[in-house]
Novice: 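One structure coming up, written as structure tokens, with questions to follow.
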Number of protein chains: 2
Amino acid sequence: MQAYTSSRISLSPHLAQPALPATLGSGPVQPISFFPAGSEIYAQGEKAGAFYQVEFGAVRIYRLLADGRRQISAFHLAGETFGFEAGATHHFFAEAINATGVRVFRLNAGADMSHQLLPLALKGLTRAQEHLLVLGRQNAIERVAAFLVDMVERQGGLRQVELPMSRMDIGDYLGLTIETVSRVFTRLKDKGVIRLLNLRSVEILKQDVLQTMGE
Amino acid sequence: MQAYTSSRISLSPHLAQPALPATLGSGPVQPISFFPAGSEIYAQGEKAGAFYQVEFGAVRIYRLLADGRRQISAFHLAGETFGFEAGATHHFFAEAINATGVRVFRLNAGADMSHQLLPLALKGLTRAQEHLLVLGRQNAIERVAAFLVDMVERQGGLRQVELPMSRMDIGDYLGLTIETVSRVFTRLKDKGVIRLLNLRSVEILKQDVLQTMGE
DNA sequence: CGCCATATTGAAATTCATCAAATGCGGTGG
DNA sequence: CCACCGCATTTGATGAATTTCAATATGGCG
């Protein structure tokens with residue numbers, strides 16, 4: 001875990017979500033680590049013992065098969081937390097998608113954080129199970145629609161959505177190839193449901209249609 | 001939630017796993033509810049406020065799309081716990097697969113169960129995320145192999161595995177149709193990897209091959 | 001022993017992946 | 001500021017895997 005810890009990081013002025021509940025934010029200020037695009041935050045098999053809050057940037061959590069196939073189980077945007085796991089070691093990889101600042105909360109043996117962690121773990125569990133429905137039972141266009149709706153909601157419901165991740169990341173999150181993801185974007189564009197402002201930002205023209213597609 | 005609570009249930013003498021940690025089992029004995037095959041334990045939208053331990057039988061947790069497509073996110077066998085969720089209401093359905101006895105632990109507002117629940121939630125989270133890899137990135141035969149390996153492990157690694165659920169349940173768990181599940185079973189049989197003793201029990205002839213397929 | 005639901009098998013259709021080529025965006029340097 | 005370069009993305013053609021539709025077989029239970 002090669003972190004570029006810095007004390008003079010300029011934090012993003014526009015966090016997508018409020019910070020953690022006051023109970024977590026109180027006490028001594030936690031250090032912020034900076035990770036360049038593509039760098040590893042932790043690896044599968046590594047010792048766990050901390051959890052993380054994204055200050056700015058975006059993080060992908062994933063797992064690999066022996067032959068290199070990758071499944072991204074979650075993206076984490078500014079304000080969101082990740083990294084708490086069962087057992088002493090990480091079961092997944094965490095990487096910065098682009099330049100990312102992360103606040104690290106070390107779990108020291110003494111303090112009991114169950115109260116804070118349980119709601120986060122339960123929320124993560126619900127998200128993962130909902131994602132199972134998408135991967136198990138929805139077709140390509142429904143998957144992309146569900147993904148876009150989710151991103152809209154996590155970015156405050158604005159018409160314009162930023163996609164910090166590549167098409168490959170989106171594919172590996174949705175269980176599709178990049179070609180299929182690209183074709184679906186084109187189809188949604190042709191239907192007048194979305195508009196591609198540039199590769200990384202989408203304008204939602206028909207939120208209701210998208211909503212219905214993603215169920 | 002139509003439970004047939006009974007005080008004279010004969011518990012299965014062979015729980016697949018030990019009961020909950022002593023911290024949960026201590027205190028007043030929790031009531032056991034009996035659910036016939038196919039009956040609902042709780043429904044999506046229903047008020048939460050308890051968690052459950054399977055005493056005997058098996059439970060499926062699932063979610064539905066508007067058009068009836070179903071994704072089973074988890075099966076729970078004897079000894080396993082389920083039902084804790086984020087928020088005040090259930091996001092999923094829980095049904096008894098066959099005649100099932102469930103020990104109900106009500107969460108009363110006073111007592112704090114974070115310590116007991118957090119490890120369970122984290123374990124569930126890990127399981128769900130691993131299942132995401134299966135649904136997102138593995139083909140039909142790999143999915144069935146992963147499923148069988150999981151069932152073997154949860155039943156103590158014996159050569160003979162009991163499958164309490166139907167092919168339809170397995171399909172809805174693996175994101176496949178019943179026909180595909182059936183064909184894969186046949187293929188595994190023809191390859192000499194498994195032997196179908198009857199519809200609900202499988203003998204594992206080549207555990208290593210299965211293990212490798214399921215990654 | 002026979003019935004009926006569940007499961008298996010078969011053939012055709014569909015969706016998505018793969019392989020391949022072209023486009024274009026974003027960043028760099030002149 | 002503009003042109004160029006490299007890489008991500010898009011688009012196209014083909015193929016493979018899985019679904020769908022349909023028929024048959026099986027076996028669990030009365």
Side-chain angles (χ1 to χ4, degrees), chain A residues 36-38 58 60 65 67-72 97-99 134-148 162-191 194-202 213, chain B residues 36-38 58 60 65 67-72 97-99 134-148 162-191 194-202 213:
Chain A
R60 60 180 165 244
L65 290 172
D67 61 4
R69 281 176 287 176
R70 181 179 71 157
Q71 177 64 40
I72 294 179
I97 292 175
N98 23 46
V134 174
L135 294 190
R137 285 297 177 222
Q138 296 196 287
N139 61 29
I141 198 164
E142 291 172 325
R143 294 185 200 196
V144 172
F147 167 71
L148 287 175
E162 301 301 318
L163 305 180
M165 68 292 287
S166 67
R167 296 287 185 273
M168 161 109 6
D169 284 337
I170 297 174
D172 284 350
Y173 178 67
L174 296 177
L176 302 170
T177 60
I178 53 178
E179 292 95 331
T180 299
V181 171
S182 182
R183 278 184 247 270
V184 170
F185 270 84
T186 303
R187 268 210 279 167
L188 290 174
K189 197 177 44 154
D190 292 348
K191 282 186 173 186
I194 63 173
R195 201 159 68 91
L196 296 175
L197 304 175
N198 59 59
L199 285 179
R200 298 291 168 98
S201 56
V202 179
M213 291 177 125
Chain B
R60 59 179 166 246
L65 290 172
D67 61 3
R69 281 175 288 175
R70 180 179 71 158
Q71 177 63 42
I72 294 179
I97 292 175
N98 23 46
V134 174
L135 294 191
R137 285 296 176 222
Q138 295 196 287
N139 62 29
I141 198 164
E142 292 171 324
R143 294 186 200 196
V144 172
F147 168 71
L148 287 176
E162 301 302 317
L163 305 180
M165 68 293 287
S166 67
R167 297 288 186 271
M168 160 106 14
D169 284 336
I170 297 174
D172 284 351
Y173 177 68
L174 296 177
L176 301 171
T177 60
I178 53 176
E179 293 94 332
T180 299
V181 171
S182 183
R183 280 184 247 270
V184 170
F185 270 82
T186 303
R187 266 209 281 165
L188 289 174
K189 196 179 42 154
D190 293 349
K191 282 186 174 187
I194 62 172
R195 200 158 68 92
L196 296 174
L197 304 175
N198 60 59
L199 285 178
R200 297 294 167 95
S201 55
V202 179
M213 291 178 123

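Naming convention: chains lettered A, B, ... in sequence-line order (proteins, then strands); numbering from 1 in each chain. What you see below is based on every heavy atom in this structure, not just the backbone, and it leaves out hydrogens, waters and symmetry mates.
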Novice: In whole Å, I'd like the distance from the CZ atom of B/Arg167 to the P atom of C/dA5.
Specialist: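 Rounded to the whole Å, the gap is 19 Å.
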Novice: Tell me which nucleotide among C/dT9, C/dG26, C/dT18 gets nearest to the side chain of B/Arg183.
Specialist: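 Of the candidates, C/dT9 comes closest.
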Novice: Once rounded to the nearest 0.5 Å, what's the spacing between atom CZ of B/Phe185 and atom CG of B/Leu196?
Specialist: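 That separation rounds to 6.5 Å.
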Novice: Run the salt-bridge test on A/Arg70 and A/Asp169 with the 4.0 Å N-O cut-off and return the result as yes or no.
Specialist: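 Answer for the salt bridge query: yes.
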Novice: Using chain A heavy atoms and a threshold of under 4.0 Å, write down where along DNA chain D the contacts begin and end, 5' to 3'.
Specialist: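 Under 4.0 Å from chain A, the extent on DNA chain D is D/dT9 to D/dA13.
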Novice: Kindly say whether B/Arg137 contributes a backbone atom to a donor-acceptor pair with the side chain of A/Arg69 at under 3.5 angstrom?
Specialist: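 Present.
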Novice: How long is the line joining CE of B/Met168 and P of C/dA7, in whole Å?
Specialist: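 After rounding, the reported distance stands at 8 Å.
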Novice: Of the candidate nucleotides C/dA17, C/dT18, C/dG10, which contains the atom at the shortest distance from the side chain of B/Glu179?
Specialist: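 Looking only at heavy atoms from C-beta outward on B/Glu179, the closest nucleotide is C/dG10.
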Novice: Which part of the nucleic acid does A/Gly175 contact within heavy-atom distance under 4.0 Å: base, sugar-phosphate only, or nothing?
Specialist: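 Sugar-phosphate contact only - A/Gly175 comes under 4.0 Å of backbone atoms but never of a base.
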Novice: Looking across every strand, which nucleic acid part, if any, lies under 4.0 Å from A/Thr177 by heavy atom: base, sugar-phosphate, or nothing?
Specialist: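 Touches a base.
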Novice: Counting only side-chain nitrogens and oxygens, does B/Arg200 get under 4.0 Å of the OP1 or OP2 atom of C/dT6?
Specialist: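 Result: no.
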Novice: Hey, which of A/Leu188, A/Leu148, A/Val144 is the one that makes side-chain contact (heavy atoms from CB on, under 4.5 Å) with A/Met213?
Specialist: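 It is A/Leu188, the one option of A/Leu188, A/Leu148, A/Val144 that forms the side-chain contact (heavy atoms from CB on, under 4.5 Å) with A/Met213.
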Novice: Please state whether the phosphate of C/dT8, meaning OP1 or OP2, lies under 4.0 angstrom from any side-chain nitrogen or oxygen of B/Thr186.
Specialist: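 Answer is no, no contact under 4.0 Å.
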Novice: Taking atom C1' of C/dT9 as reference, at what distance in whole Å does atom NZ of B/Lys189 sit?
Specialist: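 So the NZ-C1' distance, B/Lys189 to C/dT9, works out to 11 Å.
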Novice: Give the minimum heavy-atom separation between A/Leu135 and A/Arg143, together with the two atoms involved.
Specialist: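 A/Leu135 and A/Arg143 have their closest heavy atoms at O-NH2, 3.2 Å.
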Novice: Main chain of A/Ile178, side chain of A/Arg183: is a donor-acceptor contact present, judged purely on distance under 3.5 Å?
Specialist: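 Absent.
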Novice: Measuring from B/Thr180:OG1 to B/Ile141:CD1, what's the distance to the nearest 0.5 Å?
Specialist: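 With rounding to 0.5 Å, OG1 (B/Thr180) is 12.0 Å from CD1 (B/Ile141).
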Novice: Quick check: do A/Gln71 and B/Val134 have side-chain heavy atoms less than 4.5 Å from each other?
Specialist: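 A/Gln71 vs B/Val134: side chains apart.
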Novice: Looking only at side-chain atoms of A/Leu199, point me to the closest of C/dT18, C/dC25, C/dC16.
Specialist: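 Minimum distance to the A/Leu199 side chain belongs to C/dC25.
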Novice: Which residues within residues 135-145 of chain B lie with some heavy atom under 4.0 Å of an atom in DNA chain D?
Specialist: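 Within this stretch, B/Asn139, B/Ala140 sit under 4.0 Å of the strand.
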Novice: To the nearest Å, how far apart are A/Leu163 CG and C/dC25 C1'?
Specialist: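 After rounding, the gap between these two atoms is 16 Å.
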Novice: Any chance CZ of B/Arg200 has more than 12 other-residue heavy atoms, nucleotides or ligands included, within less than 6.0 Å?
Specialist: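 Counting other residues, nucleotides and ligands, CZ of B/Arg200 exceeds 12 neighbours.
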Novice: Tell me which of B/Thr180 and A/Phe185 sits closer to the 5' end of DNA chain D, going by the nucleotide each one is nearest to.
Specialist: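 Mapping each residue to its closest nucleotide by heavy atoms, the 5'-most match is A/Phe185.
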